[in-house]
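Nothing fancy with the numbering, it's 1 onward along the sequence.
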Amino acid sequence: MKNIALKRILTLSIAASLALSLAACSQTQTSEETDAEEAVEAEKAEADDEEEEASEAATEVVTYKIATEGAYAPYNYLDENGDPDGYDIAVAKAVDELIPEVEFEYEAVEWSSIFAGLEAERYDLIVSQAAKTEEREEKYIFGDVAYCWGVGAIAYQAGRTDIRSMDDLAGKTVTVAVGSSNANFIENWNEEHGNVINVTYGDGDVTKALLDVQEGRVDATLASPVTAGLIVEEQGLDVEFVLRNDESVSPVYWLYANTEKNETLKPLVDEALNTLLENGTLAALSIEYLGDDYSSEEAVNSRIGE
């Protein structure tokens with residue numbers, strides 16, 4: 001009986017030792033496998049970091065110079081430091097953030113010479129409420145995505161009751177900025193209606209035009225209700241507005257010099273503008289700078305007649 005018991009004890013002891021040995025080997029193997037996996041993951045992460053750094057180093061950042069009028073607040077103006085600011089510039093900066101291979105610089109240029117400077121390639125593009133015209137489309141490249149929509153107004157001396165539409169401007173003197181979309185419009189309208197309006201031209205300074213209206217030097221000016229309304233409010237001018245019911249809501253675009261460099265930039269900007277429109281950034285910037293949402297045709301049309 002003792003021998004049988006002893007054999008059982010030895011058998012159990014051997015089995016226990018074998019189990020402990022196998023467990024130790026298993027733990028050692030698992031630890032080694034874990035260490036190996038962690039080493040592989042670390043090497044992969046390091047390789048990814050090196051690849052990303054190499055990719056960033058290989059990406060050439062191209063600088064583009066943007067011209068803006070800088071005298072058409074709140075769309076574009078000069079801040080207290082003399083730097084371009086406003087809705088146009090805020091949109092350009094938001095676009096810049098979405099295109100890592102691009103960097104924008106900004107320059108304020110008088111409207112009367114802004115297109116000549118573009119043709120001379122003193123800057124690459126214009127972001128300054130530029131509307132499409134046939135003449136401009138023959139010379140320059142326009143973006144495909146509008147970043148702002150608006151409707152025009154006729155500004156006249158407060159208290160006048162004889163100006164409510166374009167037809168009422170017959171026999172009167174109206175000032176517009178030389179080379180502007182308003183100038184193009186009124187010239188075409190005048191030609192179609194027997195040149196009944198006396199058109200004079202200014203340098204694009206909206207405040208000057210409104211002062212001319214207030215002081216009676218001219219009867220009216222065509223202006224954006226956003227821009228002119230802000231000036232009238234800030235300076236307390238005796239000028240009133242009527243929204244023009246003779247035109248549809250109109251878009252403005254980024255305008256590029258016709259160069260190979262800009263052929264590369266334009267689709268990148270169009271994609272970025274679509275992103276900003278879809279995620280609500282354009283609407284938010286419009287409300288911040290312009291006081292309401294002018295980022296889309298639908299947004300503006302929804303307020304006409306209110």
Using atom types as modelled and distance alone, determine if a side-chain donor or acceptor of [X] lies under 3.5 Å from a backbone N or O of [Y].
X      : Y      : answer
Asp219 : Val174 : no
Ser295 : Ser286 : no
Thr68  : Val127 : yes
Asp83  : Asp79  : no
Asp96  : Ala92  : no
Asn274 : Glu271 : no
Asp293 : Ile287 : no
Asn76  : Asp88  : no
Arg164 : Val242 : no
Tyr147 : Gln129 : yes

Treat each ILVMFWY residue as a node, draw an edge where side-chain heavy atoms are under 4.5 Å apart, and state whether [X] and [Y] are in one component.
X      : Y      : answer
Ile186 : Val206 : no
Leu78  : Ile89  : no
Leu268 : Val91  : yes
Tyr253 : Ile99  : no
Leu222 : Val151 : no

Straight-line distance of [X] [atom1] to [Y] [atom2], nearest 0.5 Å:
X      : Y      : atom1 : atom2 : answer
Ile141 : Asn262 : CD1   : CG    : 6.0 Å
Tyr75  : Glu69  : OH    : CD    : 12.5 Å
Leu210 : Tyr156 : CG    : OH    : 13.0 Å
Asp168 : Ile197 : CG    : CD1   : 10.0 Å
Leu255 : Ile126 : CG    : CD1   : 5.0 Å
Gln214 : Gln157 : CD    : CD    : 7.5 Å

Can you name the closest pair of heavy atoms from [X] and [Y] and give their distance?
X      : Y      : value
Phe241 : Ala155 : CE2-CB, 3.6 Å
Val145 : Leu273 : O-CD1, 3.7 Å
Ala116 : Arg122 : C-NH2, 4.1 Å
Lys266 : Tyr256 : CG-CE1, 3.7 Å
Tyr106 : Pro84  : CB-CG, 4.0 Å
Val226 : Leu290 : CG1-O, 3.9 Å

Would a 4.5 Å heavy-atom cut-off, applied to side chains only, mark [X] and [Y] as touching?
X      : Y      : value
Tyr77  : Tyr289 : yes
Leu98  : Leu276 : yes
Val196 : Trp189 : yes
Asn258 : Lys139 : no
Leu125 : Leu265 : yes
Asn301 : Trp149 : no
Tyr72  : Ser128 : no
Tyr201 : Ser112 : no

Would the number of heavy atoms belonging to other residues, nucleotides or ligands and lying under 6.0 Å from [atom1] of [X] be above 12?
X      : atom1 : value
Lys65  : NZ    : no
Glu110 : CD    : no
Glu135 : CD    : no

* Asked: So Lys172 and Asp162, side-chain contact (heavy atoms from CB on, under 4.5 Å) or not? Walk me through it.
  -> CA-CA 11 Å; Lys172 297 179 175 64; Asp162 59 333; 3.2 Å; yes

* Option from Phe104, Tyr64, Phe142 for which ring-ring contact (aromatic ring centres under 6.0 Å, His included) with Trp254 holds ->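 Testing each of Phe104, Tyr64, Phe142 against Trp254, the sole residue satisfying ring-ring contact (aromatic ring centres under 6.0 Å, His included) is Phe104.
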
* Show the numbers, then the answer: is there a side chain to side chain donor-acceptor pair (under 3.5 Å) between Tyr140 and Glu119? => CA-CA 9 Å; Tyr140 316 115; Glu119 291 173 25; 2.5 Å; yes

* Could you verify whether a donor N or O on one side chain and an acceptor N or O on the other, from Asn279 and Thr281, lie under 3.5 Å apart? =>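 Yes, because at least one side-chain N or O of Asn279 sits under 3.5 Å from a partner of the opposite role on Thr281.
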
* Asked: Thinking salt bridges, do Asp212 and Lys208 make one under a 4.0 Å N-O criterion?
  ->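 Judged by the 4.0 Å cut-off on N to carboxylate O distance, Asp212 and Lys208 do not form a salt bridge.
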
* **Pi-cation contact, Phe185 with Arg244 (under 6.0 Å, within 45°)** =>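 Judged by the rule, Arg244 and Phe185 form a cation-pi pair.
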
